[in-house]
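Position 1 is the first residue of the sequence; numbering continues from there. One-based numbering, in listed order, for ligands and for the atoms of each.
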Amino acid sequence: MIQSCVTISLVPQAKGGPFVFWGDLAGSCAKAAELGFDAVEIFAPSAEDLDARLLQQILAQGRLKLGAMGTGAGWVLRKLRLTDPDVATRTRAVEFISAIIDFAGSFGAPTIIGSMQGRFENDVTREQAIGWLREALDKLGSRAGAFGVPLLFEPLNRFETNLVNTVEDGLELVQSLTTKNVKLLCDVFHMNIEERSISAALRLGGKQVGHLHFVDSNRRPAGDGHVDFRAVAQALTDIGYSGYASAEALPIPDSESAARQTMSSFRKFFPADLVSSAATVSG
Ligand code: LER
Ligand code: MN
């Protein structure tokens with residue numbers, strides 16, 4: 001069954017980024033619950049900045065789940081990347097993500113690697129960078145496995161990375177790992193830029209699709225751009241996808257309206273019969 005999720009950023013320095021809610025964890029969760037979301041995806045400055053007991057209480061109050069946690073603050077705030085040429089920086093990047101995996105894992109939630117993948121540049125070749133990335137993903141993927149959750153790896157568009165831009169690139173990477181616990185996060189905004197066909201790419205991803213960033217072509221909430229979400233929903237049903245459709249979108253015109261627009265699209269494109277047939281396919 002496909003479930004709804006919405007992003008909350010707790011990182012003021014990421015201002016301008018594609019997050020629906022900003023700050024005020026309790027208030028944002030209360031609003032997400034009021035609008036009918038099943039879960040929240042949290043983008044925090046670090047694992048240490050979160051209070052697990054408080055989060056537990058807030059989630060319980062709204063009958064919400066933690067859908068996933070992002071790690072991009074490692075890049076935004078600390079300039080850490082898994083493919084940095086400096087080994088000490090790569091090690092700190094792995095430690096930063098490990099702490100988030102442990103925190104999210106204790107809530108039964110996966111962790112996302114997006115911008116922390118970095119890029120290859122200057123004297124570093126793509127092969128070298130991919131080698132470092134594989135090393136890190138093997139460690140981090142098996143760490144997430146201890147909590148019974150996958151690690152989510154997100155292909156990004158060419159303006160954000162030159163390493164992994166498409167589902168095909170992502171599959172090649174995750175299938176080359178020793179761990180089998182890294183799944184793909186398909187972000188419709190990035191897919192709209194990089195894929196020849198969004199639905200064909202989702203079908204190619206198949207069982208390796210572990211999470212979806214549910215957002216439109218212009219990074220506005222789903223339904224406010226030109227993505228054909230009927231085709232997206234059909235592809236997800238065909239592959240038996242049963243994860244989250246998580247709104248990682250700009251808060252346009254404001255957070256509450258963006259969340260409402262997302263929910264209205266979620267109900268339109270993932271109606272109960274489609275959602276339950278997806279559950280049947282996935283067994
Ligand atoms: C960044 O563009 C993005 O889509 C995030 O989910 C990556 O951390
Ligand atoms: Mn994304």
Short side-chain donor-acceptor distance under 3.5 Å, [Y] and [X]:
{"X": "Lys180", "Y": "Gln175", "result": "no"}
{"X": "Ser246", "Y": "Glu41", "result": "yes"}
{"X": "Glu168", "Y": "Thr166", "result": "no"}
{"X": "His213", "Y": "Glu154", "result": "yes"}

With the Mn ion (ligand 2) at the center, what angle do OE1 from Glu248 and OD2 from Asp187 span, rounded to 10 degrees?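 Here the angle at the metal atom is close to 90°, to 10°.
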
Should the pair Asp238-Arg203 be classified as a salt bridge under the 4.0 Å nitrogen-to-oxygen rule?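 Yes, Asp238 and Arg203 are salt-bridged.
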
Does the pair Arg134/Glu172 count as a salt bridge with the N-to-O cut at 4.0 Å?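 Salt bridge flag = no for Glu172 with Arg134.
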
Identify, by atom number and element, the atoms of ligand 1 in contact range of [X], meaning under 4.0 Å from any of its heavy atoms.
{"X": "Gly114", "value": "7 (C), 8 (O)"}
{"X": "His213", "value": "6 (O)"}
{"X": "Ser115", "value": "7 (C), 8 (O)"}
{"X": "Arg219", "value": "1 (C), 2 (O), 3 (C), 4 (O)"}
{"X": "Asp187", "value": "4 (O)"}
{"X": "Glu160", "value": "1 (C), 2 (O)"}
{"X": "His190", "value": "1 (C), 2 (O), 3 (C), 4 (O)"}

With salt bridge (Lys or Arg N to Asp or Glu O under 4.0 Å) as the test, would you mind laying out the steps for Arg92 and Asp84 before giving the verdict? CA-CA 10 Å; Arg92 287 208 309 282; Asp84 195 285; over 6 Å; no

Check for me whether the distance between the ring centres of Phe229 and Phe214 falls short of 6.0 Å.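 Yes, ring centres under 6.0 Å apart.
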
Students should be able to answer this: which protein heavy-atom is nearest to atom 7 (C) of ligand 1, and at what distance?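 For atom 7 (C) of ligand 1, the nearest protein heavy atom is Glu154 OE1, 3.0 Å.
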
Compute the minimum heavy-atom distance from Gly72 to ligand 1 and say whether it is under 4.0 Å.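 Flag not set, Gly72 not near ligand 1.
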
Would Gly70 count as a contact of ligand 1 if the rule is a heavy atom under 4.0 Å away?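 No, that is not the case, since the closest heavy atom of the residue is not under 4.0 Å from the ligand.
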
For the Mn ion (ligand 2), find the closest N/O/S atom belonging to Glu154 and write down its atom name.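 Of all N, O or S atoms in Glu154, the Mn ion (ligand 2) lies closest to OE2.
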
Arg90, CZ atom: more than 12 neighbouring heavy atoms under 6.0 Å: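 Enclosed.
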
Please confirm if an N, O or S atom belonging to His213, backbone or side chain, lies less than 2.8 Å from the Mn ion (ligand 2).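 Given the 2.8 Å cut-off, His213 counts as a ligand of the Mn ion (ligand 2).
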
